[in-house]
Amino acid sequence: MANDDKFKKVISHAKEYGYVFQSSEIYDGLSAVYDYAQNGAELKKNIRDYWWKAMVQMHENIVGIDTAIFMHPTTWKASGHVDAFSDPLIDNKDSKKRYRADVLVEDYCLKIEGKINKEVAKAQKRFGDSFNKAEFVSTNGRVLGYQEKIDTILKRLGQSLEKEDLADVKALIEELEIADPLTGSRNWTDVKQFNLMFGTKLGASAESAMDLYLRPETAQGIFVNFLNVQKTGRMKIPFGIAQTGKAFRNEIVARQFIFRMREFEQMEMQFFIKPGTQKEWFEYWKEARMKWHNSLGLGKDNYRFHDHEKLAHYADAATDIEFNFPFGFKELEGIHSRTDFDLKQHQEFSGKKLQYFDHEENASYTPYVLETSIGLDRMFLAVFSNSLVEEELENNTTRTVLKLPAVLAPTKAAVFPLVKKDGLPEVAKEIIEDLKWDFNVFYDEKDAVGKRYRRQDANGTPFCITVDHETLENNTVTIRHRDTMEQKRVKIEDLKAIIKAEVDVKHWLMRMQ
Ligand code: GAP
């Protein structure tokens, strides 16, 4: 399936099976704002829990907090967001459409990457099983030429943004003859910076109202609570503070479904360390986070690191974990070495000392910070899009299966009576009553059993349990596995253990070891 078609299928499947709806759809929706539906809310919660367990529960030196969305406005002065949290935007004078200048250039490079992929696919077809992709991309003249072009363009873009040389970004767009993707016009304005924070007001009357921002990242809630947590939790460096929660950004180019939204959720962890140790912790968290991703089995080839050329105002090193979304490799998670920038800034702006007394060193210092920051909605999209497959079956039919990692699936098992009579529904409901203490389970008696299987396949349910007449004789049922479609006859009393073995968080997280 072509990538565009695949992406359309992902969006329509997410709606049809109760995962993601357009927000306020009855009023024709709100651009780049989405609601999670009955299954989506469960999947999202399971991803959040999977992250929380790996980061907080499994680390005795990491604790979790939950801070407010509203923060004192000085927070955002101190953090640099008021002055520097902006995107370089460019308008097309003919279409009146506004674009992120860096995204226009990156999309241009993606097109060149598409050409590389075509060359690889062609060669793969020609050489068959003996094809060595790594050797091909490192020796083929055409591929090397394309890659060099991409590297040169991205390097120049990175340097121009770093130096705030917006005139050069515009020059680059003109030199590459990048056109408005909608109209083809090349009539561009200058590039300008645009702040991404949403403003709001606190207070009843216009005179006394205080200007506030909706937080654009959850991280600052952690920084301003650093000392509270360190003291009350008697935390010793190195230690981490994690939180998950909503963040808001007035994204100009909000698109690609839940990939880039104006209201989204982050899962962030700030790891406070001794100054000078940031390089080793950067490597440690790069590896640890990649292991977490790989534990879910979405395919190692679907991830890659992308080191930043342009560093944020607070960082001395940064990398993205990129995922192969249906529209190509894009940022899923950021790992940033944030130095002591944030704590020092808050110390300066608040006048409160934010230091740590290190008993071993017998000295106080401002800790350095290593941050891991992943978008929950992006992780949802990565899991969902990767799991959705159309399978050719032996009898020349196809089935749509949502092969969600079982640990994340919204419903763990569906229970069916083979027919709606002879006491089978009653037994099926007894099984539901028992299993629901441990798992989300679903009862279905409508339509032929084959059709019920297909519905659960498309819904991502890892197990289907069928109660038939033999059940009445010997207390056994069939259990069908979503991915293999294999069916086994098992005792009702063994069901819980069989399901648990596959959906248990420990079973999955152990794959990180
Ligand atoms: N505290 C650091 C920070 O916020 P970031 O790279 O701006 O860093 C971290 O954001 C993660 O948040 C990204 O890797 C991405 O997964 C997610 N994210 C950022 N903007 C987003 C948006 N508009 N919609 C959905 N997710 C977003």
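When a ligand or atom number is given, it counts from 1 through the structure's own listing order.
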| message | Using the rule given for side chain to side chain contact (heavy atoms under 4.5 Å, CB included), can you reason through E106 versus R100, listing the C-alpha separation, both sets of side-chain angles and the distance that settles it, and then say yes or no? | response | CA-CA 10 Å; E106 281 164 11; R100 260 180 66 176; 5.6 Å; no
| Test log, rule side-chain hydrogen bond (donor to acceptor under 3.5 Å, both in side chains), inputs D307 and T319 | CA-CA 4 Å; D307 295 334; T319 194; 2.7 Å; yes
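Using a distance-only test at 3.5 Å, with no hydrogens or angles considered, a donor-acceptor pair links the side chain of R482 to the main chain of L402. Checking side-chain atoms of R215 against main-chain N and O of Q220 turns up no donor-acceptor pair under 3.5 Å.
Closest to atom 6 (O) of ligand 1 among all protein heavy atoms lies E331 OE2, 3.1 Å. Protein heavy atom closest to atom 24 (N) of ligand 1, with residue, atom name and distance, is M261 N, 2.9 Å. For atom 9 (C) of ligand 1, the closest non-hydrogen atom of the protein is S373 OG, 2.9 Å. The single protein non-hydrogen atom nearest to atom 19 (C) of ligand 1 is R249 NH1, 3.4 Å, given as residue, atom name and distance. Among protein heavy atoms, the minimum distance from atom 17 (C) of ligand 1 is reached at G375 CA, 3.6 Å. Summary of contacts: the protein heavy atom closest to atom 18 (N) of ligand 1 is F264 CE1, 3.5 Å. Summary of contacts: the protein heavy atom closest to atom 25 (C) of ligand 1 is F259 O, 3.1 Å. Atom 12 (O) of ligand 1 has as its closest protein heavy atom Q266 NE2, 3.4 Å.
No more than 12 heavy atoms of other residues, nucleotides or ligands shown are found within 6.0 angstrom of OH on Y213. More than 12 non-hydrogen atoms from other residues, nucleotides or ligands lie less than 6.0 angstrom from CE of M210.
Each of the following atoms of ligand 1 lies closer than 4.0 Å to a heavy atom of E333: 14 (O). Residue contact check: E268 has heavy atoms under 4.0 Å from atoms 1 (N), 2 (C), 3 (C), 4 (O) of ligand 1. Set against the non-hydrogen atoms of G334, the atoms of ligand 1 under 4.0 Å away are 14 (O). Interface of E371 with ligand 1, defined as ligand atoms under 4.0 Å from a residue heavy atom, comprises 1 (N), 2 (C). When each atom of ligand 1 is checked for a heavy atom of R338 under 4.0 Å away, the hits are 1 (N), 2 (C). Heavy-atom contacts of E251 reach the following atoms of ligand 1: 20 (N), 22 (C), 23 (N) (cutoff under 4.0 Å).
Counting heavy atoms closer than 4.0 Å to ligand 1, residue D320 contributes nothing at all.
If you check each of R378, H336, R260, E217 against atom 8 (O) of ligand 1, the one with the closest non-hydrogen atom is H336.
Both the sub-6.0 Å distance and the 45° axial angle are satisfied by K286 relative to the ring of F305. With a 6.0 Å cutoff to the six-membered ring centre and a 45° limit on the axis angle, R304 counts as a cation-pi contact of F329. In this structure, R511 forms a cation-pi arrangement with W508, its terminal cationic atom sitting closer than 6.0 Å to the ring centre and no more than 45° off the ring axis. Cation-pi contact between R338 and Y368: absent, since separation from the ring centre below 6.0 Å together with deviation from the ring axis within 45° is not met.
Across F259, F380, F7, a single residue satisfies ring pair (Phe, Tyr, Trp, His ring centres under 6.0 Å) together with F325, and that is F259.
Among the atoms of A219, none of the N or O lies under 3.5 angstrom from an N or O of ligand 1.
Using a non-hydrogen distance threshold of 4.0 Å, D377 does not register as a contact of ligand 1.
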